[in-house]
Every structure is written in C-alpha cells, then in structure tokens.
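Only this structure's heavy atoms are used, side chains among them; waters, hydrogens and symmetry mates stay out. Just follow the structure's listing: the first ligand is 1, and inside any ligand the first atom is 1.
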Amino acid sequence: MTISSAPGKIILFGEHAVVYGRPALAVPVTQVHAEVEVTDASRAGIWIDAPDVNLHAELMRLPSDHPIAAAIHNLFFQFHISPFPNLEIRISSTIPVASGMGSGAAVTVALTRALASHLSCSMSDEEVNAFTYEIEKLHHGTPSGIDNTVVTYARPVYFVRDQPIETFSVGQPFTIVIADTGIPAPTRESVADVRKLFESDEKYWDNVFDEMGDISFAARHVIREGWLRMLGSLMDENHAYLQELTVSSPELDRLVEAARGAGALGAKLSGGGRGGNMIALVEPEMAETISAALKAAGAQNTIITQII
Ligand code: PMV
C-alpha cells in the first residue's frame with residue numbers, strides 16, 4: 001500500500017492580480033489535508049473511492065475530463081503504463097471544497113505522488129507541480145498556478161506567474177483565523193468577470209493590479225521583518241482593491257468587518273472570492289475571541305493557523 005498526503009493552502013495577498021502577472025503570497029495550511037491510498041486490487045479494474053465527494057466508480061466509467069480520471073490517465077500516459085494495473089484508490093480530504101483552500105490541487109498532488117510511488121515512477125517536485133497545473137486547468141479554466149505550487153512544495157511561496165518558484169521566510173510567526181462563508185466560491189466565474197472588467201479599461205485596471213502587486217511585494221518584506229501591524233494594514237488595503245474588482249460579497253464583507261470589530265489587525269477575503277474564505281490576522285491570545293465573533297457573524301467554520 002502507498003499513501004501520500006498534501007496540505008490545504010490560503011492566499012495571503014495578490015489573488016486575481018496574480019492572473020495578470022503580479023506577485024502573490026500563499027502559505028500551506030497543514031490543519032487540513034488530502035490523503036490518497038493506493039493498493040493492488042484483487043478485482044479487475046481501477047476502483048476509485050472518494051466518500052467525501054460521494055464518488056465510488058471504476059475509472060473507465062468516469063468522464064475523461066473528470067480531474068481524478070484525467071490525472072490517472074495522464075500519469076499512465078506519461079510513464080507508458082500499459083496494460084493498466086488493477087488498483088484500489090481511496091481518496092479522502094478534510095479540505096473544504098470550493099472554498100479557496102486548494103482542495104482540488106491537494107487531491108491531485110497526493111494522488112499523483114501516491115500513484116507514481118506505487119508504480120515505482122520517479123517524479124520530482126517540479127514534475128508533480130507541472131503535472132498538477134495541467135489538471136488544475138480542468139477545475140478552473142485559466143489558473144495562475146499558485147494553488148498547485150504552494151500545495152506541491154508545502155512552503156510559503158512568493159508566486160509570480162511563469163517565474164521560477166521563490167519561497168519566503170517568516171521573521172516572526174503570526175496567527176491567522178480562516179473563516180468559511182459556507183458559500184462555494186465560483187472561481188472560474190469571478191476570474192472571467194475580472195477579465196471583462198479589465199478589458200473594459202485596461203489602463204485603469206493595470207494600475208490597480210500594479211497597486212495590488214506592490215502590496216504583495218511590501219507584504220513579503222513586512223513578513224520577513226515581523227511587522228504585524230503593518231501586515232494587517234496591507235490586508236485591509238488588499239481587501240479594498242478586491243471589493244473594487246467586484247469579487248467580494250456581502251457575506252465576505254460582513255466577516256471582514258466582524259473580524260476587525262473584534263480586534264483583528266487586518267482582514268481580507270482569500271482566493272477567488274464571492275464566497276469561500278476570508279482571513280484575519282490576529283494576536284495569538286485574541287484568536288479564540290475573533291473566531292467566536294466570526295461564527296456569530298455567520299461563518300460556517302473557522303480554522304486558527306500559525307504561519308511559521
Ligand atoms: O480560489 P482559489 O484560492 O483556488 O484561487 C483563486 C486565485 C485566483 O487568483 C483568483 C485565480 C488564480 O488562478 O490565481
């Protein structure tokens with residue numbers, strides 16, 4: 001039996017602007033993860049069991065563009081695996097789906113590594129990352145690649161599209177409360193709407209993306225130095241730009257306001273927006289209070305995580 005797991009992630013700064021080549025910062029969230037177990041099957045076929053998404057099927061019965069089926073087919077193709085072996089593949093995940101926490105990328109990374117290792121195919125992190133990016137396109141259409149990168153390397157990443165990966169260091173650990181609106185984030189749709197907005201006035205929105213990129217750039221420095229109050233202000237500024245891009249929502253804004261009102265140092269939506277998660281930077285001793293305030297303001301779930 002071969003087991004592999006991959007963490008969830010949150011985007012700290014730069015979502016949407018990252019699609020337009022500006023930098024973004026993302027970090028792994030190890031409190032949640034996807035896990036894949038591959039064993040040789042005693043029956044013919046490749047059997048996939050993913051109870052969290054109510055999927056119990058033989059590979060050949062899945063549509064070929066289903067991300068799980070596509071990952072298995074692509075891997076077999078890449079490594080010239082023929083005939084297909086008989087396998088049982090069990091997929092489980094504690095990462096909320098469509099919430100901006102990278103659940104799709106984490107399942108693909110864990111599945112790719114578990115399968116490759118079970119079949120004695122060697123894959124570097126770089127190869128796993130590139131492989132997962134191709135599958136991410138089935139989930140999101142035109143992803144920037146930030147999700148697969150942070151999930152593959154499981155390290156804080158300063159991400160610029162089509163640039164070599166760059167990790168960043170954290171001067172002083174800080175605490176983030178993640179709160180889920182419980183509304184699925186329609187990332188494909190919000191990315192497409194931002195594209196329309198951009199095309200309506202490229203000069204204006206290019207400037208906005210520049211400002212957002214400058215925030216990510218400044219945030220990397222501020223995180224290295226451990227200047228938490230300044231980091232909180234940068235989060236607030238970033239959220240205002242995301243509102244202007246029309247990717248916030250009344251539910252996200254309510255949670256952002258609740259976090260600030262309860263004493264957070266800063267707060268913003270995280271990921272594609274219009275649903276999914278928001279994040280708040282908090283003093284460690286305030287984390288429980290702010291988490292309770294977020295639940296009272298309608299959060300379906302909260303996670304307290306330390307960024308180290
Ligand atoms: O919703 P998430 O966290 O999977 O990511 C969306 C991030 C965007 O910048 C909006 C899109 C992208 O591909 O980077």
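- The side-chain contact (heavy atoms from CB on, under 4.5 Å) with T152 is formed by just one residue from the set T112, D147, V157, V109; it is V109.
- Near H16, meaning under 4.0 Å from one of its heavy atoms, ligand 1 places the atoms 8 (C), 9 (O), 10 (C).
- The distance criterion of under 3.5 Å between nitrogen or oxygen atoms is not met by T142 with respect to ligand 1.
- Looking only at protein heavy atoms, the nearest one to atom 7 (C) of ligand 1 is I11 CD1, 3.7 Å.
- Geometrically, ligand 1 and K9 share a nitrogen or oxygen pair separated by less than 3.5 Å.
- With W227 as the aromatic partner, R229 does not meet the cation-pi criteria of under 6.0 angstrom to the ring centre and within 45 degrees of the ring axis.
- Heavy-atom contacts of E15 reach the following atoms of ligand 1: 9 (O) (cutoff under 4.0 Å).
- Atoms of ligand 1 lying under 4.0 Å from any heavy atom of I146, numbered from 1 in the order shown and given with element: 14 (O).
- The 12-atom threshold is not exceeded at CD1 of I308, counting heavy atoms of other residues, nucleotides or ligands nearer than 6.0 Å.
- Seen from the ring of Y158, R220 counts as a face-on cation partner, given the 6.0 Å and 45° thresholds.
- Residue T187 approaches ligand 1 through these ligand atoms, each under 4.0 Å from one of its heavy atoms: 1 (O), 6 (C).
- Side chains of S248 and D253: a donor-acceptor N/O pair is present below 3.5 angstrom, by distance only.
- When the shell of 6.0 Å around CZ of F217 is examined, it contains 12 or fewer heavy atoms from other residues, nucleotides or ligands.
- Within ligand 1, the atoms closer than 4.0 Å to a non-hydrogen atom of G100 are 1 (O), 2 (P), 3 (O), numbered from 1 in the order shown.
- Among all non-hydrogen protein atoms, the one lying nearest atom 1 (O) of ligand 1 is G272 N, 2.9 Å.
- The single protein non-hydrogen atom nearest to atom 4 (O) of ligand 1 is D147 OD2, 2.9 Å, given as residue, atom name and distance.
- Here E58 does not pair with R61 in a salt bridge; the nearest charged N to carboxylate O distance is not below 4.0 Å.
- Considering CG of L111 and CD1 of I135, their distance stands at 9.0 Å, rounded to 0.5 Å.
- Distances below 4.0 Å separate heavy atoms of S144 from the following atoms of ligand 1: 12 (C), 13 (O), 14 (O).
- Numbered from 1 in the order shown, with element, the atoms of ligand 1 that lie under 4.0 Å from a heavy atom of P143 read 13 (O).
- By the criterion of a heavy-atom distance under 4.0 Å, neither the backbone nor the side chain of M101 is placed next to ligand 1.
- Here the CG atom belonging to L242 is positioned 6.0 Å from the NZ atom belonging to K268, to the nearest 0.5 angstrom.
- If you look at V247 next to ligand 1, there are no close heavy atoms at all, none under 4.0 Å.
- Annotation: M123, atom CE; neighbour count of heavy atoms from other residues, nucleotides and ligands within 6.0 Å is above 12.
- Considering both main-chain and side-chain atoms, V18 never comes within under 3.5 Å of ligand 1 through any nitrogen or oxygen pair.
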